[in-house]
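Quick caveat: nothing in here was measured; it's all calculated off a predicted structure. FYI, the numbering just counts along the sequence from 1.
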Amino acid sequence: MTELLEEQVVPRDFYARSAEEQEDFLAQTWCNHCQEVDLGMINPKEFESKDRIWIEGECVKCGNTTVTEIVEDDE
């Protein structure tokens, strides 16, 4: 049980992604506070753990934290 609480989070370099990927991830967002889609995100920070990758930033409209989880396609 303590393993879940001690999830190792590793920062990643969001800006190592292509400009197109960055633009897509910053535009395609969901804000839980505004309850709206695609408002945009600023000040992105990317992280990964054993099971997932995500980007945290601030909603362009309200400034609250928004999180976009990244699903890597296995094509």
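The two residues Cys59 and Leu39 come nearest to each other via the heavy atoms SG-CD1, 3.8 Å. Across all their heavy atoms, Cys34 and Lys61 have their closest contact at SG-CD, 3.9 Å. Gln28 approaches Thr68 most closely through the heavy-atom pair O-OG1, 4.0 Å.
Within a 6.0 Å sphere centred on CD of Glu20, other residues, nucleotides and ligands contribute 12 heavy atoms or fewer. Heavy-atom neighbours of Glu23 CD from other residues, nucleotides or ligands within 6.0 Å: at or below the threshold of 12.
At a threshold of 4.5 Å between non-hydrogen side-chain atoms, the residues Arg17 and Arg12 count as touching.
For the atom pair Thr29 OG1 and Glu36 CD, the distance stands at 10.0 Å (nearest 0.5 Å). With rounding to the nearest 0.5 Å, the separation of CD in Glu56 from OG1 in Thr65 is 7.0 Å.
Chaining together hydrophobic side chains whose heavy atoms lie under 4.5 Å apart places Val67 alongside Val9, Phe47, Trp54. Ile53 forms part of a hydrophobic cluster together with Phe14, Tyr15, Phe25, Leu26, Met41, Ile55, Ile70, judged by ILVMFWY side-chain heavy-atom separations under 4.5 Å.
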